[in-house]
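Below, chains carry the letters A, B, ... as their sequence lines are ordered, and counting in each starts from 1.
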Amino acid sequence: MSSTPTTTSRPWSPGLSWPKTALAALPMLLLTALMLLGGRPLPHDPLRLVPLLAVFVLSNVLFVLMLRTGKTDRFRAILFVTVAVCFVLSFIPNLLEVRGNIGLTGDDLVQGKTPFCHMVIPMTVIPAALTRTIIFPGSMLTGFAAIGSMLVLWLAATLALGRGFCSWGCFFGGLEDGLSRVRNRPLVKAIGKRWTYLPYAVLGTVVVISALTLTPTYCEWLCPFKSVTEFNALTNTRAVAQAVIFFSLFAGLVVVGPVVTRKRTQCGLFCPMGAFQGFTNKLNAFEVRVDRERCSDCGQCEKVCPTFSLDRESLAKGGTRVSCVKCGKCVDACPKGAAAFHIKGTALRPQARSARLLFLYPAFLFLTVFGSGMIQDGLYRVLLLVTTGSMIAH
Amino acid sequence: MLPIGQLLGEGVVVGLAGGTGCLATCGPVLLPYLLAEEGRSRWASVLALGQLLLGRLVGYLAIGILAWLAGMTVLASPRWRAWLVGTAYLGVAILMVAYGFSPAAKGCAATPGAGILARVRTRWPKLLPAALGLLTGLNLCPPFVVAITRAADAGGLAGSLAFFSAFFVGTSVYLAPLPLLGWLRRPEAVRTTARLAAGVVGVYFAYLGLVNLIGGLLA
């Protein structure tokens, strides 16, 4: 790509000086303190106090480093993966406390004791719009992971982040994100572009089948993350078949796939929620753009993108595909500083630093606040295990 | 034998009453195909629907003849019904998965030395809707079972065929608008997604087929 000497001589960096970093980090410090405490006094129980302080310190240190170094994904990933791991550590003991079992029984379904997660949102809201029926067997407004509260959280995150939700909010994505960093080099490098359309095919199919059968098809048959959360009690052949599918998909798409490709294979090649969320990128103000004048066509961004969202075609247009999760990995990796967070409708270079900051505030705050409960509870469970020998509070 | 006019009328009414079920079965099968193919003209979309309907008609009439021949003994048996539907669904699954997950053929079938396999790969999708129509036409959904019962009471082959032909007309009303979607402008991304969706629908039909076959074994 052609570039002028003035633009290539000094790579652009979004990092801030120490005084500016301190000034920019102060609002986050106050906001996280406010959100984490929620108007309550500090807990007296050390098993609760230590996780709370740990989350506060960890999140703010990471945010400061993010501002100072100008690296987004490097520090986002630490918090994102921590949230995902702690979610698993927290969810199962919590379920045992609330419901008494991990395996769903018929009674649990009838009584609406199934926790609702964001993965099933497209398979719920579209049939609900068509049939005026919520097809998920969960509680609507109250109780553990109620449908109403999850929908409100998702809507807020979607308005603020678009598909950035998948890198700054999804507590399942962190598992893949972490595993995709295990190897330094991928074993499998080439994945056909046509397969990147599979999530949209899965989305269309499960939405149609959910609407026709009035059952959450994805939850019942296809969710890999059932392997680390809950699934139907293994009391019949159908439930065993479902469990086999869940574990196979988890092993293939969440463990083996990310390790051998260094990509988020479940997110990029299968997840219907991600595909649905991709459309919200069109409505969201933030995006990642590539300045064609600075770009040297080295392909580094395409290589590191975890969700197959950059290719020659999208780069030629100076942007990403609709599936971009706004993780910032390409922005960190670009040797010329050509990739940057951007606000739609504004000029690219003069706004790049402020655009990144304006994106980071809602994104990081959402990750911290949404994930803090999970990190705190996960750490609490670990401390509980160490001090009492059990992860369940009696 | 019941009067043909009465059988025709009843067939249309039963078809109209249960036709949404046919849309639920044939829609997911036909829609990806209509959206996936490149450069299809309006008439080609109508032709695809025509093939699907013709395939369904053949399937219906085959059931009509079976209903008359067997005097309901075979089709009234849950085991045989499950096996028939299971086999038909597995047939749909194989076709859909092969169509959806195989790369779209780009070569010219007339190229010398392309070989019989290349020719088949390039040409077989053209008859795919007819094959899918035939296999989905063997679907023994509740309105179809009602139709079989009524046809068996019709008292003769002609009556049975007349009833199923009318039933076919009634159910086809719901499928008639589908080619309109095939007329929409379809970028490469939509065509690729639709083709992959055909494969995913195939996996779903494979599941339905296996459930029916296992159900037949346990019945």
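- For the atom pair Glu188(B) CD and Tyr197(A) OH, the distance stands at 6.5 Å (nearest 0.5 Å).
- Annotation: Lys344(A), atom NZ; neighbour count of heavy atoms from other residues, nucleotides and ligands within 6.0 Å is above 12.
- Taking the six-membered ring for Trp and the full ring otherwise, the centers of Tyr204(B) and Trp221(A) sit at least 6.0 Å from each other.
- Tested against Thr205(A), the residues Leu196(B), Val200(B), Val203(B) include a single side chain to side chain contact (heavy atoms under 4.5 Å, CB included) partner, Val200(B).
- Scanning all heavy atoms of the two residues, the minimum distance from Ala201(A) to Ala197(B) falls at CB-N, 3.3 Å.
- At a 4.5 Å heavy-atom cutoff, the contact between Ile209(A) and chain B is made by side-chain atoms alone.
- Put simply, the side chain of Leu198(A) reaches to within 4.5 Å of the side chain of Phe101(B), judged on heavy atoms.
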